[in-house]
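Structure record follows, encoded as structure tokens.
FYI, side chains are in, hydrogens and waters are out, and symmetry mates aren't considered; it's all heavy atoms of this structure. Residue numbers begin at 1 in each chain, while the letters A, B, ... track the order of the sequences. Quick caveat: nothing in here was measured; it's all calculated off a predicted structure.
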There are 2 protein chains.
Amino acid sequence: MNASRTARERVRAELTREITDVARRQLGEVGAPALSLRAVAREMGMVSSAVYRYFPSRDDLLTALIIDGYNAVGVAVEQADAACARDDVPGRWLAACRGIRGWALAHPHEYALVYGSPVPGYRAPEQTIEPASRVAAVLGAIVSDACAAGAVDDVGASPPASFGPDAARLRETVLPGVPDGVVARSLTAWASIVGLVSFELFGQFENVITDRDAFFDHAALSLAGLIGLQVDPAPRARI
Amino acid sequence: MNASRTARERVRAELTREITDVARRQLGEVGAPALSLRAVAREMGMVSSAVYRYFPSRDDLLTALIIDGYNAVGVAVEQADAACARDDVPGRWLAACRGIRGWALAHPHEYALVYGSPVPGYRAPEQTIEPASRVAAVLGAIVSDACAAGAVDDVGASPPASFGPDAARLRETVLPGVPDGVVARSLTAWASIVGLVSFELFGQFENVITDRDAFFDHAALSLAGLIGLQVDPAPRARI
DNA sequence: CCATCCTGAGAGCGCCGCTCTTGTTTCCTA
DNA sequence: TAGGAAACAAGAGCGGCGCTCTCAGGATGG
């Protein structure tokens, strides 16, 4: 019968979820490299070999946590964006950037797992790329909406010709209706935002920046200007 | 006698250096988290406990490698900058950025150790902050020289007031004569460059950007424009 | 009701970081 | 120059790790 078969599969799914929950908690405490499959098993009252019935290796458990992390930060950014008026482009951009940073500060170890150096020899499997694009999708939608509203200045040098196919591909998914130059600068800004958060989280801004909340907002808006989003009529002065 | 005392200390220094050399080689092969003090000792024909005479813990060995990494990337960037004409600000900026990226691509594991997620529970000791500033010093000198030559546009929103003391402190070291707004945008660009390299190295640009050499150059010049470095008379078009 | 599969438990392998003890060599000094 | 202190390499060992294999018992499904 299908129901009985589902019965076993249900308890299996539940146990799988419980393992990832415990692992995520321990990840938040000790960090990814110190995450121990044995410790997870211990906390669950299992023997370590039993866990291997659910995750064939420690890396597979980490993969599950990475997917969770991408989804979590994706949800955070989506909610931050959704709380803004649709036509408030700078507000949406700032909210999304703050969403990334806020989630990162709240879950530093998960952030490091997702956006930090990949675990040794670990290669991101196929399943991670779809949740990984959630954040990019939100940022892309903001830029796309801004372009549609005519609120983007396409300034700056043109991207290299070799970027054309990449831009075309991105236009089909996350950045519809966005010209090549803005696509290139959006990718740059995206990497920049993550770079800023990483710098802050990994200690590069120690003894450099005091009020990091305010600085991040300023930097995020600067990067909005880099893309060409019309954020404020900036006074232009030559020194 | 001093010479004889130096004799022992010399062999000690030499052995210490040899350990870090072997460790750096193994780091390049297996990555930081898999770096094993025992394996280093094995390759040197020592027993593992002997290595502890030279490095009190595995973390201390990693610290030495981190310092080496900061110095190595610092040297790379310094040389890249030195090869340019002093008054070619955009050329120097691009060369320095390429220097970072080139070193990172050549030594991915060292880069990950230096700019990636910090090792679990590891806290950067005092000795790392001075070599860590070498790269920033080069980028800062380029911006400073550009400011002195009047080749910087101080455009964009003003940084928050709380950033004033930070900017003043940076003006005393790496960014003399640079106004607050340019200081803030320089920091942003610095983090952005590292973010771009990290994205590329850690796989976020997989299946997104094809010609990464060309894209990076374009992004680096975009970020030069963000700072205000006069890189090219960009045509301005509204879409 | 019985054969099949799934499951958890246990033992065990080889690795790890790190500590402690034991002889031995080197160095400084009285 | 002789003796004590310091540095040294080596070995054994502790607990923990990822992972494998075997085995007994219970749920599943014909």
Could you write nucleotides 14-23 of chain D as a row of B, S and -, 5' to 3', where a protein heavy atom under 4.0 Å of any base atom gives B, of only sugar-phosphate atoms gives S, and otherwise -? ---BBBBBB-
Walk me through whether B:Ser117 and A:Ser117 qualify under side chain to side chain donor-acceptor pair (under 3.5 Å). CA-CA 6 Å; B:Ser117 7; A:Ser117 9; 3.1 Å; yes
Can you measure [X] atom [atom1] to [N] atom [atom2] for me and round it to whole angstrom units?
{"X": "B:Met46", "N": "C:dC18", "atom1": "CE", "atom2": "C1'", "value": "15 Å"}
{"X": "A:Met44", "N": "C:dA9", "atom1": "CE", "atom2": "C1'", "value": "15 Å"}
{"X": "A:Glu9", "N": "D:dT28", "atom1": "CD", "atom2": "P", "value": "11 Å"}
{"X": "B:Arg12", "N": "C:dT26", "atom1": "CZ", "atom2": "C1'", "value": "13 Å"}

Looking at A:Tyr54, does the NZ or CZ of A:Arg12 lie under 6.0 angstrom from its six-membered ring centre and within 45 degrees of the ring axis?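 Yes - A:Arg12 lies over the ring of A:Tyr54, closer than 6.0 Å to its centre and within 45° of its axis.
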Among residues at least two apart in sequence or on other chains, which ones pass ring-ring contact (aromatic ring centres under 6.0 Å, His included) with A:Tyr111?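 Once residues adjacent in sequence are excluded, the partners of A:Tyr111 under the ring-ring contact (aromatic ring centres under 6.0 Å, His included) criterion are A:Tyr115.
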Looking at residues at least two apart in the chain, or sitting in another chain, which of them share a ring-ring contact (aromatic ring centres under 6.0 Å, His included) with A:Phe163?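 Only B:Phe215 meet the ring-ring contact (aromatic ring centres under 6.0 Å, His included) criterion with A:Phe163.
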Can you pull out the residues from residues 21-29 of chain A that lie within a 4.0 Å heavy-atom distance of DNA chain D?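 Within this stretch, nothing sits under 4.0 Å of the strand.
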Just to verify, what does A:Arg38 make a salt bridge (charged side-chain N to carboxylate O under 4.0 Å, His left out) with, not counting sequence neighbours?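 Listed in chain order: nothing, the list is empty.
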For D:dA9, take OP1 and OP2 only and decide whether either is under 4.0 Å from a side-chain N or O of B:Tyr54.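 For D:dA9, OP1 or OP2 has a side-chain N or O of B:Tyr54 closer than 4.0 Å.
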May I ask you to say what B:Leu61 touches in the nucleic acid, namely base, sugar-phosphate or nothing, with a heavy-atom cut-off under 4.0 Å?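 Nothing: the residue B:Leu61, judged by heavy atoms under 4.0 Å, touches no strand.
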Just checking, is any N or O donor in the side chain of B:Asp60 or B:Thr63 under 3.5 Å from an acceptor N or O on the other one?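 Side chains of B:Asp60 and B:Thr63: no pair found under 3.5 Å.
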Show me the side-chain donor-acceptor pairs of residues 135-142 of chain B shorter than 3.5 Å, one per line, residues at least two apart or across chains.
none

Between B:Arg17 and B:Asp21, is there a salt bridge with N-O shorter than 4.0 Å?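 Salt bridge: yes.
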